[in-house]
Amino acid sequence: MPNIIKSYVRGVDALNKFTGLVTMHLIFLMIGLLLYSSISRTIFDTPINSVVTISQFLMSAYYLLGGGYSMQQDAHVRMDLFYSRWSPRGQAGADAFTSIFLVFYLVVLLIGAISSTVYTIEVGQKTRTLIQYPLAPIKVIMTLGVVLMLLQATATFFKDLAKARGVTL
């Protein structure tokens, strides 16, 4: 494999690893927020109206930004009918082939995410809750998550292609 592809794969892997490791800590923020809300409501009898909305935003950021990292760690669910019986090179070839469809899907998803984000920013779209939070930040995070997943899918494609050819990347 050319050095530019090796550098691309290493760079994308490092970016998604950093993003995933930072993002995984959002779950603790969400747990703390929900715990504080529960204590506030039951002990102090002062409910916090916006906790569910903020928790939904945090959970969305958690799984959208963590997608590339979970793909890198091979933590996604895989339908395994024949796959486990194949050689590692055969598995890599099948993964490289199916990555083409994943990249196509992610490109279509990215087009939709960009369109949705631009619309949200132009219109100033807000949540339909008591406190109307702007939706632009979560839409930007959504788009960034799709970009990270697309970058990781192409990096994984190159790794699988190299493995299928018997080359180490």
Side-chain angles (χ1 to χ4, degrees), residues 8-81 83-84 91 95 98-157 159-160:
Y8 172 80
V9 169
R10 281 193 297 271
V12 169
D13 280 350
L15 176 64
N16 272 311
K17 185 172 185 174
F18 173 77
T19 305
L21 292 175
V22 169
T23 301
M24 75 171 56
H25 292 92
L26 287 178
I27 198 79
F28 298 114
L29 181 60
M30 190 175 69
I31 289 169
L33 182 66
L34 291 170
L35 182 63
Y36 173 73
S37 171
S38 179
I39 292 170
S40 171
R41 184 176 57 246
T42 56
I43 295 175
F44 303 117
D45 198 30
T46 54
I48 303 171
N49 296 325
S50 57
V51 169
V52 172
T53 304
I54 294 171
S55 295
Q56 288 172 339
F57 283 176
L58 287 172
M59 189 57 147
S60 297
Y62 177 76
Y63 68 80
L64 287 167
L65 293 176
Y69 179 69
S70 77
M71 181 179 198
Q72 178 190 55
Q73 299 300 313
D74 203 22
H76 285 284
V77 175
R78 176 177 282 128
M79 175 79 176
D80 183 4
L81 192 56
Y83 187 84
S84 64
Q91 289 175 349
D95 288 343
T98 57
S99 290
I100 295 167
F101 299 103
L102 175 62
V103 168
F104 174 75
Y105 170 75
L106 289 170
V107 166
V108 171
L109 196 62
L110 180 62
I111 292 167
I114 291 170
S115 171
S116 179
T117 303
V118 168
Y119 173 79
T120 297
I121 292 169
E122 286 175 349
V123 174
Q125 195 174 16
K126 298 180 186 301
T127 61
R128 296 180 183 174
T129 57
L130 184 61
I131 301 173
Q132 296 184 338
Y133 293 102
L135 284 174
I138 199 63
K139 295 287 183 110
V140 169
I141 289 171
M142 173 187 67
T143 304
L144 180 61
V146 174
V147 167
L148 289 171
M149 186 76 170
L150 182 60
L151 291 173
Q152 189 62 51
T154 55
T156 302
F157 168 77
K159 286 191 263 186
D160 289 333

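Residue indices begin at 1 and follow the sequence shown. All values below come from the heavy atoms of this structure, side chains included, with hydrogens, waters and symmetry mates left out.
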Heavy atoms only: give me the nearest [X]-[Y] pair and the separation to one decimal.
| X | Y | answer |
| --- | --- | --- |
| V9 | A155 | CG2-O, 3.8 Å |
| A113 | T143 | O-OG1, 3.4 Å |
| L151 | T154 | O-OG1, 2.8 Å |

Set of salt bridge (Lys or Arg N to Asp or Glu O under 4.0 Å) partners for [X], sequence neighbours left out:
| X | result |
| --- | --- |
| K139 | none |
| D45 | none |
| D95 | R78 |

According to side-chain contact (heavy atoms from CB on, under 4.5 Å), who are the partners of M149, at least two apart in sequence or on a separate chain?
M71, H76, L106
Validation row: [X], [Y] side chains within 4.5 angstrom (heavy atoms):
| X | Y | result |
| --- | --- | --- |
| Y119 | Q125 | yes |
| F157 | V103 | no |
| I138 | Y133 | no |
| Q152 | L148 | no |

Take L34 and M30 through the side-chain contact (heavy atoms from CB on, under 4.5 Å) test and state the conclusion after the steps.
CA-CA 6 Å; L34 291 170; M30 190 175 69; 4.1 Å; yes
For the CZ atom on F18, are there more than 12 heavy atoms of other groups (residues, nucleotides or ligands in this structure) within a distance under 6.0 Å?
no
Other residues, nucleotides and ligands only: do more than 12 of their heavy atoms fall within 6.0 Å of OH on Y105?
no
Just how far is it from atom [atom1] of [X] to atom [atom2] of [Y], taken to the nearest 0.5 Å?
| X | Y | atom1 | atom2 | value |
| --- | --- | --- | --- | --- |
| L144 | T19 | CG | OG1 | 7.0 Å |
| T46 | I39 | OG1 | CD1 | 11.0 Å |
| L33 | S40 | CG | OG | 10.5 Å |
| L110 | S115 | CG | OG | 11.0 Å |

I would like to know whether D160 and Q91 meet side-chain hydrogen bond (donor to acceptor under 3.5 Å, both in side chains); could you show each step before the answer?
CA-CA 8 Å; D160 289 333; Q91 289 175 349; over 6 Å; no
Partner set under side chain to side chain donor-acceptor pair (under 3.5 Å) for T98, not counting sequence neighbours:
none
When you look at T117 and M142, which way does the side-chain contact (heavy atoms from CB on, under 4.5 Å) test go after all the steps?
CA-CA 8 Å; T117 303; M142 173 187 67; 4.1 Å; yes
Side-chain donor-acceptor contacts of residues 53-69 below 3.5 Å, not counting sequence neighbours, with atom names and distances?
{"from": "S55", "atom 1": "OG", "to": "V51", "atom 2": "O", "distance (Å)": "2.9"}
{"from": "S60", "atom 1": "OG", "to": "Q56", "atom 2": "O", "distance (Å)": "2.9"}

Verify whether one side chain among Q72 and D13 offers a donor that lies under 3.5 Å from an acceptor in the other.
yes
